[in-house]
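Worksheet: the structure to be examined is printed underneath.
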Amino acid sequence: MHSPISRRAFAIGGALCALAFGAAACGSDNNNSSSSTSGGASTSSKAQKVGVLLPDTQSSVRWESFDRPLLQAAFKKAGVPVTIDNAQGDKSTQQQQAEQLITNGAKVLLLVNLDSGSGAAIEANAQSRGVKVIDYDRLTLKGSAAYYVSFDNVKVGQLQGQGLVDCLSKAGGTPNIAELNGSPTDNNTTLFKQNYNSVLKPLYSSGKAKKVADQSVPDWDNQKALTIFEQMLQKTSNKIDGVLAANDGLGNSAISALKARKLKQIPVTGQDATPQGIQNILSGDQCMTVYKAVKKEADAASQLAIALSKGTAPAAGLVNGKTNDTARDVPSVLLTPEPITKDNIKVVFDDGFLKKDEVCAGKYASLCTKAGL
Ligand code: BGC
């Protein structure tokens, strides 16, 4: 059961979510009507109910702004009923949501875990009830998912490390670098960090760059990131020349702290190509982001979910690898991430991921024009 405190936190989270995204984006979101409509390309009689478990709204805007609508659209197109829940960062809520989805007849779950322990428990329970699980974006270590669908997260980390180095090389000298890592309970954080460090460590050891701060941000919480980065500035007497921020939200926290101290712009990295991240690139506050085409991730996951629910094999070539979850290899779909700087910012618009009117408003209008958008 929820403690009164966590129940209250959940209610507040829900209210914040409703403010930010509109009520429809926050609770459950049923697409059941689509099962009987003829709008879908292949209205299958055999594909069964699917449940999606999103993690939160504060670690990245991606989950509600991109994953939810894109998953909704993918299942609608296939004529498969889907219910999408968001756990608002609460592990016991996510466990209850999984339980409820199974009770309501879901045969496949897409899970973005809040940590591997709670994810593995959800998967074990699902398995005992004959329900298949797909690890969506985050791998559940020692879990029992049938598939893992994500991006090549090794590559994401490398792109961030190389992106920071490229941006810093324009300034010359021996830069002081701060690392603002994602949540330590997210397996992706481990992969990102290992791989930006594979680029940065040789520079640290040869004295070409200096690591002056290195901290994880619990739950990827942007507010906590702000405090952590303020403390990093305090401790280093503002002597930070570049920030490896693991996603756009964390990057924006660093940028806010720099601005609050009226410090000059320095290279800051990111990930997710969020509207805010792209605006920060346009204004020169952020140096790069990593674009992950969530539509492809949602499409791949929905295709696998449909195959699982029908008991058929997925289309040839869709599963393109396997990923070790420390106990076994999980058949995986790993998509390719792309680095974005001011020079190729067009990509995210041409791909239909972002719309100009959500980025190029107000003071960004002239910056967009200048960037050729
Ligand atoms: C995802 C990122 C996201 C972060 C915070 C990671 O697991 O891969 O895209 O920014 O979680 O939600």
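In each ligand, atom 1 is the first atom listed, and ligand 1 is the first ligand listed. Residue numbers run from 1 in the order of the sequence given.
- By the ring-ring contact (aromatic ring centres under 6.0 Å, His included) test, F66 is found to be paired with F353, residues two or more places apart in sequence or in another chain being considered.
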Tabulate below the donor-acceptor pairs under 3.5 Å that side-chain atoms of residues 356-373 make, not counting sequence neighbours, or state none.
unit_1 : atom_1 : unit_2 : atom_2 : d
E358   : OE2    : K355   : N      : 2.8
T369   : OG1    : A365   : O      : 2.9

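- Look at D135 and R138 and you find no salt bridge, because none of the NZ, NE, NH1 or NH2 atoms lies under 4.0 Å from a carboxylate O.
- At a threshold of 4.0 Å, the pair E99-R129 counts as salt-bridged, since one of the basic side-chain nitrogens sits closer than that to a carboxylate oxygen.
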N/O contact list for ligand 1, threshold under 3.5 Å:
unit_1   : atom_1 : unit_2 : atom_2 : d
ligand 1 : 7 (O)  : R138   : NE     : 2.8
ligand 1 : 7 (O)  : D186   : OD2    : 2.6
ligand 1 : 7 (O)  : N188   : ND2    : 2.9
ligand 1 : 8 (O)  : D137   : OD2    : 2.6
ligand 1 : 8 (O)  : N188   : ND2    : 3.2
ligand 1 : 8 (O)  : K292   : NZ     : 2.9
ligand 1 : 9 (O)  : R62    : NH1    : 2.9
ligand 1 : 9 (O)  : D272   : OD1    : 2.7
ligand 1 : 9 (O)  : K292   : NZ     : 3.0
ligand 1 : 10 (O) : N247   : ND2    : 2.9
ligand 1 : 10 (O) : D272   : OD2    : 2.6
ligand 1 : 11 (O) : R138   : NH2    : 2.9
ligand 1 : 11 (O) : D186   : OD2    : 3.4
ligand 1 : 12 (O) : S59    : OG     : 2.6
ligand 1 : 12 (O) : W63    : NE1    : 2.9
ligand 1 : 12 (O) : R138   : NH2    : 3.1

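- Formation of a donor-acceptor pair under 3.5 Å by the N197 side chain with backbone atoms of L200 is not found in this model.
- The salt bridge (Lys or Arg N to Asp or Glu O under 4.0 Å) search around K211 returns D214, not counting sequence neighbours.
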